[in-house]
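I have placed the structure first, in the form of structure tokens, so that the comments after it can refer back to it.
All values below were derived from every heavy atom in this structure, side-chain atoms included, with hydrogens, water molecules and symmetry-related copies excluded.
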Amino acid sequence: KLAAKPGFDLTEPSQQAACLEALSQTPAWEPFAVAARAGLASAPLRPLVIGAGLGICKDDVEAQCILIALARALFPGSVCPPYEVGNLAVTEVSAKPGSSKDSHSTNELPAPPHTAGFFEPVPPQYNLFACVSPHSGGGGATTVQDMPAVLAAAGNHLEAWMSKNLYKYRTSARLGNERHPLCLLSFPGGVPFLRYREEYTEMVPEGEQAFLALKELIAEPKHQIGTVLQRDEVLVFYNGVPHGRWPLEAASKDGA
């Protein structure tokens, strides 16, 4: 009913709040949300898998409303905005028409570890990945970095990672190849936030050794937590922990 109203726009905070309000009328919703929030709070740097049952797999406007309501329920006071840079809506879960063969939303290649919204002035705080249908050939695990392990192995590179003078990020050609100062590692609210995307990071010579060390630590398989989502499952994880994707194992026969 909400989606059928004229002017409905899921990027509007008021519409997102209405989605949450509608689902909150379901008796089982609040106990479910409380349990999910507790799971996130107990291990804030670890990914959380929410089992099937929400109906996300329908991949329609109703499913998107449910996903938005879930995000608002898990993180009270938050919003799910469109990206400020490039105006790409975070609420879109399907590949955009005309996506290039290099887009990881359309190909079967591995996706290197990265931070979502890397080009944003303020990247998103959390990510929610919903599985409409698992790939028929298998593989394609979403990887989330084991951030405590990476930090424990940082040695004397932490100071460089937290520097505001050694690194810059360059936006893509589509966004003008603009350069901005970059602090790789910060601690908002005391929680580590690693902002990482190798191919768009530039550095002065003094920062090269520390960045190469970070690159090696992130590439270590033992520092990657892999999750293969099943139909209708949702993966929730902190965006300050870079994520990627292992390759899909075979070509899909059903376009999933």
Side-chain angles (χ1 to χ4, degrees), residues 1-4 8-11 15-16 19-20 22-23 26 28-29 32-33 35-36 39-40 46-75 80 82-83 88-117 124 126-145 221 224-239 241-256:
K1 292 181 180 179
L2 286 171
F8 177 77
D9 182 357
L10 257 183
T11 65
Q15 303 281 19
Q16 295 177 10
C19 291
L20 177 57
L23 277 177
T26 304
W29 180 261
F32 156 75
L40 288 167
R46 305 282 293 187
L48 175 72
V49 176
I50 295 176
L54 289 174
I56 304 296
C57 60
K58 292 180 293 184
D59 195 24
D60 55 13
V61 173
E62 181 181 345
Q64 292 183 23
C65 290
I66 294 172
L67 190 60
I68 290 295
L70 174 62
R72 294 290 297 259
L74 294 182
F75 310 106
C80 303
Y83 281 145
L88 299 175
V90 175
T91 49
E92 293 183 0
V93 297
S94 299
K96 283 180 169 295
S99 294
S100 75
K101 61 181 177 57
D102 297 321
S103 170
H104 290 292
S105 62
T106 60
N107 66 32
E108 298 173 346
L109 301 174
H114 63 283
T115 303
Y126 287 91
N127 296 311
L128 284 80
F129 286 3
C131 180
V132 174
S133 177
H135 191 271
S136 60
T142 297
T143 62
V144 177
Q145 296 297 135
Q224 298 178 4
I225 304 168
T227 301
V228 178
L229 289 176
Q230 301 304 313
R231 180 177 172 84
D232 206 36
E233 291 183 336
V234 179
L235 180 67
V236 186
F237 60 95
Y238 179 55
N239 193 40
V241 179
H243 70 280
R245 186 182 75 194
W246 288 338
L248 299 163
E249 294 178 359
S252 173
K253 297 179 181 178
D254 56 11

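In this structure, the side chains of Leu10 and Cys19 come closer than 4.5 Å at one or more pairs of heavy atoms.
Without hydrogens or angle criteria, Asp232 side chain to Cys57 main chain gives a donor-acceptor distance under 3.5 Å. In this structure a side-chain-to-backbone donor-acceptor pair under 3.5 Å is present from Arg231 to Val132. For Gln16 (side chain) and Arg72 (main-chain N/O), no donor-acceptor pair under 3.5 Å exists by modelled atom type.
Here the CG atom belonging to Asp60 is positioned 8.0 Å from the CD1 atom belonging to Ile66, to the nearest 0.5 angstrom. For the atom pair Lys58 NZ and Gln64 CD, the distance stands at 11.5 Å (nearest 0.5 Å). Ile56 contributes atom CD1, which lies 9.5 Å from atom CD of Glu62 (distance to the nearest 0.5 angstrom).
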Checklist entry - side chain to side chain contact (heavy atoms under 4.5 Å, CB included) between Phe75 and Leu40: does it pass, once the steps are laid out? => result CA-CA 10 Å; Phe75 310 106; Leu40 288 167; 3.8 Å; yes

Checklist entry - Stepwise, does the side chain to side chain contact (heavy atoms under 4.5 Å, CB included) test hold for Leu54 with Phe32? => result CA-CA 11 Å; Leu54 289 174; Phe32 156 75; 4.2 Å; yes

Item to check | Chi angles and distances behind the side chain to side chain contact (heavy atoms under 4.5 Å, CB included) call for Trp29, Leu20 | outcome: CA-CA 10 Å; Trp29 180 261; Leu20 177 57; 3.7 Å; yes

Next on the checklist: Between His243 and Gln145, does the side chain to side chain contact (heavy atoms under 4.5 Å, CB included) criterion hold? Intermediate values first, please.
Outcome noted: CA-CA 6 Å; His243 70 280; Gln145 296 297 135; over 6 Å; no

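Here the closest heavy-atom approach between residue Pro124 and residue Asn239 is recorded as O-ND2, 2.8 Å. Taking both residues in full, the closest heavy atoms of Ala52 and Glu233 are given as N-CG, 3.9 Å, listed atom of the first, atom of the second, then distance. Between Leu48 and Ala36, the shortest heavy-atom distance links the atoms CD2-O, 3.7 Å.
Applying the side chain to side chain contact (heavy atoms under 4.5 Å, CB included) test between Ile50 and each of Leu235, Leu128, Leu74 identifies Leu74 as the sole match.
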